[in-house]
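See structure below.
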Amino acid sequence: MKTLPGFRDFYPEEQARRRALFERWAEVARAHGFAEIDAPTVEPLDLYRKKSGDELVGQLFSFTDRGEREIALRPELTPSAARMVAAKHRELRRPIRWFSLGSFFRLERPQRGRSREFCQFNCDLFGISGAAADAEMVGLLIALLRAVGLGPQDFAVRLSDRSVWNQFVAGAALPEESTVALLQAVDKLGREPAERTDARLLAAGFEPERVRSFIDEPCENDPIFSDLRRELDQRRLTEFITFDRSVVRGLAYYTGVVFEAFDRKGELRAIAGGGRYDGLVAKISDGAADLPAAGFAIGDVVIMELIEAKALPAASIQRRADQLLAGQVFLVIADEIARPHALRIASDLRAAGVRTDFALGSEKVTRQFQAAEQAGCSLAVVFGAEWPRVKIKLMATREEIEIEASALYERIGDLLKIRRLENPNLQ
RNA sequence: GUGGCCGUAGCUCAGUCGGUAGAGCGCCAGAUUGUGGCUCUGGCUGUCGCGGGUUCGAGCCCCGUCGGUCACCCCA
């Protein structure tokens, strides 16, 4: 039996890296005033229909339950979060800043950077609009990426605003669908052959040349961006930002600023994406609540590729992952007579939160030291016929200290503490 | 849904002209009867994805099929 296509198993090493990544992200989000939420993994299909229309249903894992309800595995968090906000918007202190981490599902053909179940770290800010709020979200995204060891040479945030295109079409008397078609064509620029994009543009009533030169023209001084530019500049984020009119994001519900983070080498899919979606809460709640909102999501798949491609041995994420996997103390039972003593001490150490391991069956001493080594333990304690005396071995230096068992806890505590002081990243 | 590439040991892969299957890593044992990383010695592991065809003979050639992967499509 294998996993279903597009689903993944995570063995300890990789899972430790993911866990380290997620913990780091949560710390950064909390530092920005965001609180964690979660929502059901399974939702009514209508939650997604309402937001984006029927055409997305084909990409959802959906089914009908025994009560004839149409159900979908969630493809993203935003609609659920919008519902949560709408339901309690009168009692929630504003601005509402939420983050969450969870699994999402899309029924697509799996390929590089895309699987059918993936994790997303999602951040949303409700109840406030304007450049300050937009900059806060872009700033949080940048902080999250920097926190995993990426710098301005590794990634950039491409940023635009849908108003740019609303103004572009304002002069022409064109039907609503033309704007939608225009945005879709712009979104596909660089992903499809030029002739095809041109054909789309012509069909929608636009001259390809005009659209292209509009995109190519430098736009960081466009008055639309002036407030946002100032906010970002004050946050010292300019080096991470590229203003780029070709960024529109795929879906129709964005109403203002839109942005995506991508790797500088341009080898991977977008790392993260988001924007302002002021109409969504009203739409989800049928007008019961109407709050401005902006948010983004970072998937785990592309970012893990990027981290692993960088392969920085000193990266804080790898250090934390190693720490999550490593043991601390290994009890070597050199003589089975001493096993009951070792077991009692193991229980005490474990109760005190010390990561403690020992051989479950009779094993040669050599084998036990190998296990201690492989588990990454910094201390081994040898229990043998000389009980109640035991030997503590410092694995790093091979130094041995023989002491009375009664002094063991204190001594281990000291040794682990010393190690902590020497290297705060290990304990 | 469409197309390219790939399926050989637990893993990564080699396998020449078609002649009965190999390396490295890992694992196990020993050198070392109470001491780990290195070294050395020995050992285990195969439905060559599956089915059919060609052939005296197929891992290799042909057809089909399944799986993986990358790309297209789509991308919240």
Side-chain angles (χ1 to χ4, degrees), chain A residues 1-8 11 13 43 47-53 55-60 72-82 104-116 118 120 122 124 183-184 187-188 191-193 196 248-254 258 260 262 267-275 277 280 284 295-299 301-302 305 327 330-338 359 362-387 389-400 402:
Chain A
M1 287 294 284
K2 284 195 281 194
T3 63
L4 292 167
F7 290 81
R8 300 168 292 167
Y11 289 89
E13 209 169 277
E43 291 276 16
L47 184 64
Y48 307 111
R49 280 212 186 108
K50 217 171 226 175
K51 180 183 165 188
S52 312
E55 70 274 11
L56 290 183
V57 172
Q59 291 184 44
L60 295 176
L73 298 187
R74 62 182 180 184
E76 60 168 331
L77 183 77
T78 309
S80 305
F104 299 88
F105 305 85
R106 293 179 194 170
L107 186 51
E108 299 176 296
R109 194 74 163 249
Q111 55 191 269
R112 186 171 183 207
R114 192 163 75 183
S115 59
R116 288 182 169 180
F118 50 93
Q120 272 192 348
N122 202 275
D124 292 282
L183 292 179
Q184 277 178 1
D187 188 42
K188 287 182 204 309
R191 288 208 307 260
E192 70 178 11
R196 237 168 112 183
V248 297
R249 304 294 300 160
L251 278 200
Y253 66 85
Y254 287 116
V258 285
E260 58 193 25
F262 68 100
E267 291 167 353
L268 305 172
R269 290 165 181 280
I271 303 165
Y277 51 95
L280 185 65
I284 293 281
F296 63 84
I298 317 180
V301 180
V302 175
E305 275 193 62
F330 197 98
L331 307 185
V332 173
I333 299 164
D335 186 326
E336 285 297 318
I337 286 173
S362 175
E363 298 262 15
K364 292 191 171 177
V365 170
T366 301
R367 183 81 196 91
Q368 295 185 58
F369 271 97
Q370 265 173 25
E373 173 69 26
Q374 284 165 1
C377 293
S378 55
L379 300 178
V381 184
V382 182
F383 293 76
E386 66 275 20
W387 177 267
R389 294 186 68 76
V390 295
K391 284 184 220 158
I392 299 176
K393 179 160 183 171
L394 310 179
M395 294 296 283
T397 61
R398 298 178 173 241
E399 182 188 353
E400 279 191 339
E402 184 165 345

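Residue numbers start from 1 in every chain, and the chains themselves are labelled A, B, ... in the order their sequence lines are given, proteins ahead of strands. Keep in mind that this is a model prediction, so the values were computed, not measured.
Rounded to the nearest Å, the gap between the C1' atom of B:G4 and that of B:U8 is 22 Å. With P as the reference atom, B:C17 and B:U55 are 23 Å apart, rounded to whole Å. With both ends at atom P, the span from B:C11 to B:G26 equals 16 Å, rounded to whole Å. A distance of about 15 Å separates the P atoms of B:G64 and B:U2, rounded to the whole Å. For the C1' atom pair drawn from B:A23 and B:A9, the interatomic distance equals 11 Å after rounding to whole Å. Going from the P atom of B:U45 to that of B:A21 covers 14 Å, rounded to whole Å. If you take atom P in B:C74 and the same atom in B:A14, they sit 36 Å apart, rounded to whole Å. Using C1' as the reference atom, B:C60 and B:C6 are 15 Å apart when rounded to the nearest Å.
The side chain of A:Pro5 approaches B:G68 more closely than any other nucleotide in the set B:G3, B:C74, B:G68.
The nearest whole Å value for the distance from the CZ atom in A:Arg249 to the P atom in B:C74 is 15 Å. For the pair A:Gln59 CD and B:C73 P, the interatomic distance rounds to 13 Å; values are reported in whole Å. Remark: P of B:A76 and CZ of A:Arg116 are 18 Å apart, rounded to the nearest angstrom. Look at CD on A:Glu13: it is 16 Å from P on B:C11, rounded to the nearest Å. The CD1 atom of A:Ile298 sits 16 Å away from the P atom of B:A76 (whole-angstrom rounding). With rounding to whole Å, A:Gln111 atom CD is found 15 Å from B:C5 atom C1'.
Checked by distance alone, A:Arg114 brings a side-chain donor or acceptor within 3.5 Å of a matching partner on the base of B:C74.
With sequence neighbours excluded, the residues satisfying side chain to side chain donor-acceptor pair (under 3.5 Å) with A:Arg367 are A:Gln370.
Of the side-chain N and O atoms in A:Arg109, none sit less than 4.0 angstrom from OP1 or OP2 of B:C74.
Scanning RNA chain B for stems, defined as runs of 3 or more consecutive Watson-Crick or G-U wobble pairs whose donor-acceptor distances all fall under 3.5 Å, gives the following ranges: B:1-7 with B:66-72, B:10-13 with B:22-25, B:27-31 with B:39-43, B:49-53 with B:61-65.
Between A:Leu73 and A:Leu60, the closest heavy-atom pair is O-CD2, 4.5 Å. Of all non-hydrogen atoms in A:Ile298 and A:Ile271, the two that sit nearest each other are CG2-O, 3.5 Å. Shown here for A:Ser362 and A:Glu336, the closest heavy-atom pair between the two residues is CA-OE2, 3.4 Å.
Using a 4.5 Å cut-off on side-chain heavy atoms (C-beta onward), A:Ser80 and A:Tyr48 make contact. Side chains of A:Phe330 and A:Met395 form no contact here, defined as non-hydrogen atoms less than 4.5 Å apart. Proximity of A:Arg8 to A:Phe118: side-chain heavy atoms (C-beta onward) are separated by under 4.5 Å at one or more points.
A:Gln368 places a side-chain N or O within 3.5 Å of a backbone atom of A:Ile333 that can act as its donor or acceptor partner. Listed for the A:Arg106 side chain is a donor-acceptor partner under 3.5 Å among the backbone atoms of A:Pro75.
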Problem - Contact state string [nucleotides 31-38 of chain B, B base, S sugar-phosphate only, - no protein heavy atom under 4.0 Å] - result: ---BBBB-
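Between A:Arg74 and A:Glu43, no side-chain nitrogen of the basic residue sits less than 4.0 Å from a carboxylate oxygen of the acidic one, so the salt-bridge criterion is not met.
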